[in-house]
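Only one structure is covered here, and it is reproduced in the block below.
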Amino acid sequence: MKATVDKSTVFLLNSDVYYEYYKHPNKENRPVIIMIHGFLSSSYCFRKMVSLLQKDFNCLLIDLPGFGRSGKNRDFHYSFENYAKLVLTLAKLLHINQAILLGHSMGGQVALYMASQSPQFVHSLILLNSSAYLKKVKKAYYYATYFPFAPQIMRWWMAKKNYRETIEQVVFNRKMISNQIVEEYSRPFLDKEFYHSLLYLMRDREGDLTKEQLKTIQHPALILWGENDQIIPLHIGRKLSVDLPHNQFYSFKKTGHLLPEERPKEIVKHIHRFFNDIISKESTLK
């Protein structure tokens, strides 16, 4: 039997939240894979992966507030802590008791916050070119977000960008970027409220978890990285593999930052192997 999909929008924590829930009738006992996208992205980035994963796992994709089809509400608190709380709140609403957290880029940091704050909910972690070790924005940028015309200035600055060239900079093989991909990734920039949410994110975002905090996370973790990532370099991934106590680390040659776009089949193979390893170890301990 094929997985069924529920595509809906709910109002949580002062924001509309768009999600897609792929449920497989024969996989009800497996943890749900919750897929959390990165900065300036959306659940769209996981479309290739979910088409493969839904055959064996239940999958929940979320557009974080400020991005994708979710709200750009000014009343939402755009912090990692609140993003983590939002994902957990949605999961409870959907009666999900335990999940494998899969996060790309900034989404990886949200997943790490969840593992730190709600360890019982998290089964394991899958981190794709995850954000790590970033500090809170500098005070000068923080105060700049309060300038009266800051959203208009940011919108004007972004309008001068060539979206295709910007997207091509985050992949290794630029030829893979189609017109549809450019259209989907640039869609948020057409929304005026998007620029307000970006400023609030700059203002509300805490720093990433510290080395000491990472060392307290005891969940099994799979860390996957593109060796040609110019946004979050490979050495960050290697450092993360040292600080997370229980992890497997793999890197892909000729691969940039958009790992879900560039290596979906390889990622899914690693996920199956990782999950089977965990099940094998759990069986041995029983």
Side-chain angles (χ1 to χ4, degrees), residues 20 31-54 57 59-64 67-68 80 83-84 87 99-115 122-134 167 169-173 176 181 184-185 208-209 214 217 219-244 246-275 277-278:
E20 298 180 5
V32 177
I33 297 182
I34 298 181
M35 307 172 80
I36 311 170
H37 65 81
F39 183 62
L40 300 181
S41 188
S42 71
S43 57
Y44 172 80
C45 76
F46 295 122
R47 70 196 180 285
K48 297 177 183 178
M49 288 177 55
V50 78
S51 67
L52 301 171
L53 284 170
Q54 64 174 303
F57 293 93
C59 300
L60 175 62
L61 285 66
I62 304 170
D63 282 354
L64 296 175
F67 304 100
F80 287 143
Y83 274 143
V87 176
I100 299 169
L101 301 183
L102 185 154
H104 172 245
S105 193
M106 185 185 79
Q109 190 60 216
V110 175
L112 287 167
Y113 262 78
M114 290 183 69
V122 179
H123 174 274
S124 51
L125 294 162
I126 302 168
L127 305 174
L128 312 179
N129 294 67
S130 175
S131 168
Y133 309 107
L134 290 175
I167 297 169
Q169 290 175 2
V170 295
V171 297
F172 180 81
N173 179 13
M176 67 168 290
I181 289 176
E184 288 297 330
Y185 277 97
D208 293 346
L209 293 180
L214 290 171
I217 296 175
H219 305 85
L222 173 63
I223 305 173
L224 301 177
W225 224 269
E227 294 186 6
N228 303 93
D229 188 347
Q230 298 181 41
I231 306 300
I232 307 178
L234 180 62
H235 72 85
I236 296 296
R238 295 197 184 281
K239 185 177 179 182
L240 198 57
S241 72
V242 172
D243 290 336
L244 285 175
H246 309 289
N247 74 85
Q248 300 175 23
F249 177 86
Y250 300 92
S251 62
F252 300 97
K253 297 182 183 299
K254 296 183 179 181
T255 306
H257 184 66
L258 279 184
L259 210 56
E261 292 281 0
E262 298 180 79
R263 299 288 183 176
K265 292 181 181 179
E266 292 93 332
I267 293 171
V268 171
K269 287 181 181 179
H270 278 288
I271 290 173
H272 278 291
R273 191 178 301 120
F274 174 64
F275 182 76
D277 284 347
I278 294 175

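Across all non-hydrogen atoms, the minimal contact from Phe67 to Leu40 is CE2-N, 3.3 Å.
Side-chain contact between Leu53 and Ile33: present, with at least one pair of heavy atoms (C-beta onward) separated by less than 4.5 Å.
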### Query
Please walk me through it: do Ser241 and Asn247 pass side-chain hydrogen bond (donor to acceptor under 3.5 Å, both in side chains)?
CA-CA 6 Å; Ser241 72; Asn247 74 85; 4.6 Å; no

### Query
Under the side-chain hydrogen bond (donor to acceptor under 3.5 Å, both in side chains) criterion, do Asn228 and Thr255 qualify, and how do the steps go?
CA-CA 5 Å; Asn228 303 93; Thr255 306; 5.7 Å; no

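Not less than 6.0 angstrom separates the ring centroid of His257 from the ring centroid of Phe39. Under the 6.0 Å cut-off for aromatic ring centres, His270 and Tyr250 qualify, their centroids lying closer than that.
Under a 3.5 Å cut-off, the side chain of Asp208 and the backbone N or O of Leu134 do form a donor-acceptor pair. One N or O on the side chain of Glu262 and one on the backbone of Gly256 form a donor-acceptor pair closer than 3.5 Å.
Classification of the Phe275-Phe57 ring pair by plane angle, with boundaries at 30° and 60°, yields perpendicular. Relative orientation of the Tyr185 and Tyr44 rings is perpendicular, given thresholds of 30° and 60° on the angle between their planes.
Look at Arg47 and Glu184 and you find no salt bridge, because none of the NZ, NE, NH1 or NH2 atoms lies under 4.0 Å from a carboxylate O.
More than 12 non-hydrogen atoms from other residues, nucleotides or ligands lie less than 6.0 angstrom from CD of Glu227.
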